[in-house]
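We name chains A, B, ... by the order of the sequence lines, and we start the count at 1 in each one. In this text the structure is predicted, and so the values were computed from the model without any measurement.
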Amino acid sequence: MLTVYNTLGRTRQSFEPLEDGRVRMYVCGPTVQSAPHIGHGRCAVAFDVIRRYLMWRGWDVLFVQNITDVDDKIINRAAELGVTTEALVAEMTEQFLTSYRGLGVLDPDRTPAATRHIPEMIELIARLVSRGLAYPSRGDVYFRVRALEGYGKLSGRDVDELRIGARVEPGIDKEDPLDFALWKGAKPGEPSWPSPWGDGRPGWHIECSAMSAKYLGLPFDIHAGGADLIFPHHENEIAQSEGATDGLFARYWLHNGMVNLGGEKLSKSTGHIVDLAEAIETYGGPVIRLFLLRASYRSPIEYSEDSLHDARASLDRLRSFVRRAPSAGRPDVATIDRFVTSMEDDFNTAEALAAVFETVRQGNARLDRGEDAGPLITAVREVAGVLGIDLESAGLGGLVDALTGLATRYEVEAGSAEDMVRRLVDARAAARESRDWSRADAIRDDLAGAGIVIEDSADGVRWYRR
RNA sequence: GGCGACGUGGCCGAGUGGUUAGGCACAGCUCUGCAAAAGCUGCUACACCGGUUCGAUUCCGGUCGUCGCCUCCA
């Protein structure tokens, strides 16, 4: 039985999709104002794993992740950079998609952008106005928070407590400081669209209400996002969607923990960030992915070089294992069972990985004894696949020049990168045969310098790109 | 101030009312021309103080500390 921690209710609950065999899932995507950081990567990976697991379990998953492409920050940043908002949005969206793919994240089934759903949002706002839950005010439209019973149920907030809170700034056009904008009247030079309340643009929260309903229908099963979105963003989404329909908005709310750096949360606004593309460049997507999956998706994690190095060593261990022998037979049942048990427990990837490593140890021991480990390798590959961890070593791209140099140095025939590695490995074998250790070691060291690692084993020489 | 999460061995990080997490690092051994990989062995913890219990790291209360949200944020 799959159980998930539902922020709505703050308990672990058994998960049953509304429609049998089909899961409808919405993840709050990024505001594309600047380049993605590792925190975005964590969110993407966390829910990608959940999606993959649900699919592997045999469910149809409809996965939607939005792109917020209109917002104060985007407007301001575009102005700063002297580019149009459209150009900034296009550039940043591309960076997000590229980085996500670099982490092995599957593309969503749909990636709706806010600016392409203005009519849906206007319609939703109009419904809220007609129901008395929203009111126009000098070109803006606000949600009347106190008019909705149950506001605060997701975040555990009490409207009266909120009011006391010192930081709720009274908006000059609001009836109540708690009210939030559904529509913002246009200011000169800003992107805007016509509406019944005058030209303007949507508030931040309304897009998710409109687009999730459009692509998933209401209620849908899983609404996910970063824990920092619980309040006010998700609370307000609930207010809008449930206020407009009287029905339930989303059934299970899943939130990923924050990534910290130096003990503090990453944040775009303070510039306290780890650039995602840079991290992928430095460590590789699979290493970062493994780093993220070693902890529960709900816990905060600390980003550090040490942790990334650990993750790299762990990944190497997995890769060395599957390199030792081909998969064969059905996946080992014990491994799969343990994996399933772990994942059914609120997607406990840390424990799932522990199962994988146990299997790796067993498999290595079997191979050391000359026994078959095919099903263990099959199982490790299967589980790694569900977790989205790429166990294949990198190819030889970009190494032709370096290898050609080595081919010349050791007097073997040049050719394709693959061929040259093979010939160099053979040349080293020949040198070992004639007990010319210095030449053998030189070849091995030079290959290592180029990123090709050679390992001697009982059943021959293995090589791979580090 | 309000709401919430958390404090585990050298580091990261799961979990449990009594029994091995796992990874990384370190030491020794086996294997090996050397190395790497691998296996075996060792190092073995639950912030502090009370309480409940036959027994608590695991439940309850308190203390201290860290972090998040309450404003844009994955």
For B/A47 versus B/A27, give the span between their C1' atoms, rounded off to a whole number of Å. 29 Å

Rounded off to whole Å, could you give me the CD-to-C1' distance for the A/E264 and B/A74 pair? 17 Å

Do the ring planes of A/Y303 and A/F291 sit parallel (below 30°), tilted (30 to 60°) or perpendicular (above 60°)? perpendicular

Using a heavy-atom cut-off of under 4.0 Å over every strand shown, decide if A/Q33 touches base, sugar-phosphate, or nothing. nothing

For A/E278, check salt bridge (charged side-chain N to carboxylate O under 4.0 Å, His left out) against everything at least two apart and list the hits. none

Can you tell me how far C1' in B/A14 sits from the matching atom in B/C46, rounded to whole Å? 12 Å

Taking only the side-chain nitrogens and oxygens of A/S299, find out if one of them lies under 4.0 Å from OP1 or OP2 of B/A14. yes

Could you check whether the rings of A/W56 and A/F339 sit parallel, tilted or perpendicular, using 30° and 60° as the cut-offs? perpendicular

Less than 3.5 Å apart, any donor N or O on the side chain of A/N256 or A/R298 sitting next to an acceptor on the other? no

For the base of B/C34, is there a side-chain donor-acceptor partner from A/D456 under 3.5 Å away? yes

For the residue pair A/T3 and A/E344, confirm or rule out a side-chain donor-acceptor distance under 3.5 Å. no

Give me the distance, rounded to whole Å, that separates B/G65 from B/U8 when you measure between the C1' atoms they each carry. 15 Å

Is any side-chain nitrogen or oxygen of A/R317 closer than 4.0 Å to OP1 or OP2 of B/A38? yes

For RNA chain B, whose closest nucleotide is more 5', that of A/E455 or that of A/F47? A/E455

Using a 3.5 Å limit on both distances, find every run of at least three consecutive Watson-Crick or G-U pairs that involves RNA chain B. B:1-7 with B:64-70, B:10-12 with B:22-24, B:26-30 with B:38-42, B:47-51 with B:59-63

Correct closest heavy-atom pair for A/G41 and A/L103 would be CA-CD1, 3.6 Å

Measure all distances between protein nitrogen or oxygen atoms and nitrogen or oxygen atoms of nucleotides 8-12 of chain B, and list the pairs falling under 3.5 Å.
from	atom 1	to	atom 2	distance (Å)
B/C12	O2'	A/R294	NH2	3.3

Look for any protein N or O under 3.5 Å of an N or O in nucleotides 40-47 of chain B and output each such pair with its distance, or none.
from	atom 1	to	atom 2	distance (Å)
B/C40	OP1	A/R361	NH1	3.4

Would you say the side chains of A/Q95 and A/E91 form a donor-acceptor pair under 3.5 Å? yes

B/C12 versus B/C26 - spacing of their C1' atoms, nearest Å: 15 Å

Please state the P separation for the pair B/C59 and B/U19 - nearest whole angstrom. 15 Å

Flag, side chain of A/R289 to backbone of A/G388, donor-acceptor distance under 3.5 Å: yes

Please list residues of residues 426-441 of chain A whose heavy atoms come under 4.0 Å from any atom in RNA chain B, ordered by number; otherwise none. A/R428, A/R432, A/W437, A/D441

Mark yes or no for a side-chain to base donor-acceptor pair under 3.5 Å between A/R312 and B/C24, with no hydrogen or angle criteria applied. no

Checking side-chain polar atoms at under 3.5 Å, does A/H255 have a donor or acceptor matched by the opposite partner on A/H234? yes

Any base atoms under 4.0 Å from A/G263, or only sugar-phosphate, or nothing? Heavy atoms, all strands. sugar-phosphate

Which part of the nucleic acid does A/V259 contact within heavy-atom distance under 4.0 Å: base, sugar-phosphate only, or nothing? base

Any side-chain N or O of A/N260 less than 4.0 Å from the OP1 or OP2 oxygen of B/G68? no

May I ask you to say what A/L290 touches in the nucleic acid, namely base, sugar-phosphate or nothing, with a heavy-atom cut-off under 4.0 Å? nothing

Would you check if there is a donor-acceptor pair between the side chains of A/E237 and A/H233 at a distance under 3.5 Å? yes

Would you mind telling me which of B/G39, B/G68, B/G15 lies closest to the side-chain atoms of A/K265? B/G68

So what does A/L229 touch, heavy atoms closer than 4.0 Å: a base, only the sugar-phosphate, or nothing? sugar-phosphate

What nucleic acid atoms does A/A227 come within less than 4.0 Å of, heavy atoms only: base, sugar-phosphate, or nothing? nothing

Looking only at atom P, what distance separates B/A45 and B/G9, rounded to whole Å? 10 Å

Check the phosphate of B/G39 against A/N364, side-chain N and O only, distance under 4.0 Å to OP1 or OP2. Yes or no? yes

If we count only N and O atoms by modelled type, under 3.5 Å, do the side chains of A/N6 and A/Q13 hold a donor and an acceptor together? yes

Starting at the 5' end of RNA chain B and moving along, which residue's nearest nucleotide shows up first, A/G156 or A/S457? A/G156

Once ring pair (Phe, Tyr, Trp, His ring centres under 6.0 Å) is applied, what residue pairs with a partner in residues 88-107 of chain A remain, sequence neighbours excluded? A/H40-A/F96, A/F96-A/Y100

Would you check if there is a donor-acceptor pair between the side chains of A/N66 and A/E207 at a distance under 3.5 Å? yes

C1' spacing across the pair B/U41 / B/C34, given as an integer number of angstrom: 24 Å

Any idea how A/Y26 and A/F220 line up, ring-wise: parallel (<30°), tilted (30 to 60°), or perpendicular (>60°)? tilted

With rounding to whole Å, what would you report as the distance between B/U53 and B/U58 at their P atoms? 16 Å

Please confirm whether the backbone N or O of A/G374 pairs with a side-chain atom of A/D372, one donor and one acceptor, at under 3.5 Å? yes

